[in-house]
K.L.:
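Sending over a structure as structure tokens; questions will come in a sec.
Scope of the values below: all heavy atoms of this structure, side chains included, with no hydrogens, waters or symmetry mates. Numbering of ligands and ligand atoms starts at 1, following listing order.
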Amino acid sequence: MTERYADVIIDIAHEKVDRVFQYRIPEELSEAVRPGVQVRVPFGRGNQEKTGYVVDISEETDYPPEKIKAVSSVDEKGMSVEGRQIRIAYWLKRNYGSTTIAALKTVLPVKQKQKPLEKKTVVRCLSGEEAALAAGECERKHQRAKARVLAALQTEEELPYELIRQKLHVSASTLQALERQGYLCIEKEACYRNPVRMSDRSENRPRLNQNQERIIGEVLADYRAGRPGVHLVHGVTGSGKTEVYLGIIEEMIAMGKQAIMLIPEIALTYQTLLRFYKRFGDRVSVINSTLSAGEKYDQIERAKAGEIDVMIGPRSALFTPFANLGVIVVDEEHESSYKSETSPRYHARETAVEIASLCGASVVLGSATPSLEAYYRAVSGEYKLYEMKERPGNSVLPMVHTVDLREELKQGNRSMFSRKLRERMQDRLSKGEQTILFLNRRGYAGFISCRSCGHVMKCPHCDVSLSEHRNGMLTCHYCGYQERKAAKCPSCGSPYLMGFKAGTEQVEEAIHREFPGARVLRMDADTTRRKDSYERILSAFADEEADILVGTQMIVKGHDFPGVTLVGALAADLSLNRNDYRAGERTFQLLTQAAGRAGRGERPGEVVIQTYQPEHYSVVYAARQDYQGFYAEEIAYRGLVGYPPVEHMLAVLIVSRVQEDGEKLGKEMTDLVKTEMADAAGLRVIGPAEAVIGKISDLYRHTFYIRHGVYQTLVEAKDRLENFCRERELRGQTVQFDFDPMNTF
Ligand code: ADP
Ligand code: ZN
Ligand code: ZN
């Protein structure tokens, strides 16, 4: 019989988890030793017995086998929370391809020494009306931050300190100043034992409709019957999905269970968090990217100690070590930010399903535009499907117009705005209603090229086109390289070196030109470089400090603007022109989500979609807000060409210092798959080829793809390739894997 070895980490509470030790698995323990179990092992010179966790099992070792010590015993107590975390890390490594260490670091929080956080609450010392008056007063004095706090306190008697600091962007000194003025007091831990007594909790609580009650009831009934399962809630924006999540979580807590609530970072707004705080008081905690590693660790410790019941956050909140997890909710499950862009490149939705099955927890997925993956499984019966087709109350779905830009040009309209859109914008300006203009692109101008010879200005390191910025510099968005824009074409000397004019700055300028006096806010990757500017711009717009908000895809997600009655998609098909099989899905999602921004308040909304491809099915179905129609067409296409979710795809990226090395390795790896695996398993290999971006920061990139109907077969292919690379002891080259990729390498 071949020997088997266990990779063991000794002390996971240690600052570093990057030391793994190998032990031989004795015959009599071969059944019991699995990833995640706790073992006793002899350690160090004195062979002192220590406790460790098994993180992986292998049949190979880098040491002389006779020198390897054996596992002494297995702890039979069943799997601890830590053990479960390690099982998850092992699963990530296996299913997405990464090193053991990278997988462990993803799952286990990094220990940081820091003084424990003090829990604080901001309590209003005025009546609600007085707070409103004081807010108005501050507004007049242009004390915006103070005004924001007082306005928030007008409706809430008290608010969590952190919520105000992070989500209203108010500094500690501003809060202290307000405290000195006698408007509020900041209460510390000691007098902070009761859950936050925020204003009349029942007041903002809508009476759930029958459909909402039914969904909550079915999810919980399945859970109680021992069939937790995965539930997909397909509900248009504003149909009341969040109320459903709140209802399910509330019942779970009543049963002594905990909940993980995933929300994309971009949608973690003050309004959303407030709803959770109001319902669950200080039993809620939030993890987001503004927290330091120490603060994150602190939150994780609180979860482990049973001090909180609900953890809210983006992707990483998934790994919160609750002892009795009851449900994982994944809101906006179609969001591409749920896929990690670094190794292990896991998808939070798939990982949620795995974690939930380890814990016996339910999974609830929600979206207005479900991913093809989730809907495909729902249709096939693997997930349960619920539809929420209407918005509660009077709020109705918007009216959508599609404008053919080719026709506009024929009629002599060279403006960025079609006649229809311009007329509607004018109408909104005159009525004092707000407009959102959405452009699926960033930068002042796209690439710069010569109109005489076609030469494109590219980054010398990255092989991507440079973008022009207003300061006259050409910039590479991958590596940051900059050069001054030349007056003449470097190739033919012609002076006609120009950009294609379709950027958010350009749109802003066009508005100023065509609608003088309109107040404009712009939001794109350039204006939101600072951590908090995203939310600053959104709240300024929500406070009606501008008439028009211009931005990239980030403005169409997750925010409620009751004053918006018009949404314009300026060039709906820009996202169709990417060489990536998800382009149709992305376009449909973006347009549908954009349309969902119009008319969230009392007044009905209108949407104008401008496009060069009005007949494209993504545009047609988005204009009709017809998800099922889109799904039917898209899934047929995916099936025909063998793309996910019908089949699966493994992308392999080879990064090399020397171009020829990368080419050669790609050839060897694809040959290996073709000769050793293809016939038996029916794997299809595409490539190798230079990646879409062939070079980044002077490193060459080659890629190839493998497709197959069964995910596990691709996992085996990955294992085989990993072994091949290990045997080759690659130098100056790295290999990365991406399963069912969201983006092309
Ligand atoms: P979604 O999460 O689907 O976008 P929300 O749960 O945020 O929808 O609900 C949208 C708005 O409708 C919220 O202001 C919410 O308070 C309100 N709402 C939800 N359910 C009901 C209901 N049954 N009756 C009245 N209002 C409701
Ligand atoms: Zn030229
Ligand atoms: Zn570059």
K.L.:
Identify, by atom number and element, the atoms of ligand 1 in contact range of L208, meaning under 4.0 Å from any of its heavy atoms.
P.N.:
23 (N)
K.L.:
With side chains defined as the heavy atoms from C-beta onward, is the minimum distance between I537 and L549 less than 4.5 Å?
P.N.:
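They are in side-chain contact.
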K.L.:
Just to be sure I read this right, does ligand 1 sit under 4.0 Å from the backbone of T242, its side chain, both, or neither, counting only heavy atoms?
P.N.:
both
K.L.:
Donor-acceptor check, side chain of R148 to backbone of L168, threshold 3.5 angstrom: yes or no?
P.N.:
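Judged by distance alone, yes, a pair lies under 3.5 Å.
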K.L.:
Would you mind running through ligand 1 and noting each atom that sits below 4.0 Å from a heavy atom of R207?
P.N.:
22 (C), 23 (N), 24 (N)
K.L.:
Polar-atom distance check: T237 versus ligand 1, any N or O pair below 3.5 Å?
P.N.:
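N/O-N/O distance below 3.5 Å does not exist for this pair.
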K.L.:
Under a 4.0 angstrom heavy-atom cut-off, which atoms of ligand 1 come close to E243?
P.N.:
6 (O), 16 (O), 19 (C), 20 (N)
K.L.:
Any atoms of ligand 1 less than 4.0 Å from a non-hydrogen atom of Q212? List them with their elements.
P.N.:
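Listed by number with element: 19 (C), 20 (N), 22 (C), 23 (N).
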K.L.:
Are the aromatic ring centres of Y375 and Y627 under 6.0 angstrom apart?
P.N.:
yes
K.L.:
Would you indicate whether the side-chain heavy atoms of M388 and H234 approach each other to under 4.5 Å?
P.N.:
no
K.L.:
Check contact between M388 and ligand 1, using heavy atoms of the residue and a distance below 4.0 angstrom.
P.N.:
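No, that is not the case, since the closest heavy atom of the residue is not under 4.0 Å from the ligand.
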K.L.:
Quick one: which ligand 1 atoms are inside 4.0 Å of a heavy atom on G240?
P.N.:
1 (P), 3 (O), 5 (P), 6 (O), 8 (O), 9 (O), 19 (C)
K.L.:
I need the atoms of ligand 1 closer than 4.0 Å to a non-hydrogen atom of K241, numbered in the order shown.
P.N.:
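With K241 as reference, the close atoms of ligand 1 come out as 1 (P), 2 (O), 3 (O), 6 (O), 8 (O).
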K.L.:
Would the Y270 and Y277 ring centres measure less than 6.0 Å apart?
P.N.:
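Ring-ring flag for Y270/Y277: false, centres at least 6.0 Å apart.
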K.L.:
Output, in order, the C-alpha distance, side-chain angles, deciding distance and verdict of side chain to side chain contact (heavy atoms under 4.5 Å, CB included) for L439 and V550.
P.N.:
CA-CA 8 Å; L439 184 71; V550 178; 5.8 Å; no
K.L.:
Could you see which bit of R275 sits under 4.0 Å from ligand 1, with heavy atoms only: side chain, backbone, both or neither?
P.N.:
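The side chain, only.
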K.L.:
Hey, does G238 come in under 3.5 Å of ligand 1, counting only N/O atoms on both sides?
P.N.:
yes
K.L.:
Show which atoms of ligand 1 fall inside a sub-4.0 Å distance from at least one heavy-atom site of N209.
P.N.:
23 (N)
K.L.:
Backbone, side chain, both or neither: what part of P206 comes under 4.0 angstrom of ligand 1, heavy atoms only?
P.N.:
side chain
K.L.:
Have Q589 and E332 got a donor and an acceptor in their side chains that come within less than 3.5 Å?
P.N.:
no
K.L.:
Say you draw a straight line from NZ of K167 to CG of N288; how long is it, rounded to the nearest 0.5 Å?
P.N.:
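These two atoms lie 5.5 Å from each other.
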K.L.:
Does F541 reach the side chain of Q434, with side-chain heavy atoms less than 4.5 Å apart?
P.N.:
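Of all side-chain heavy-atom pairs linking Q434 with F541, at least one is under 4.5 Å.
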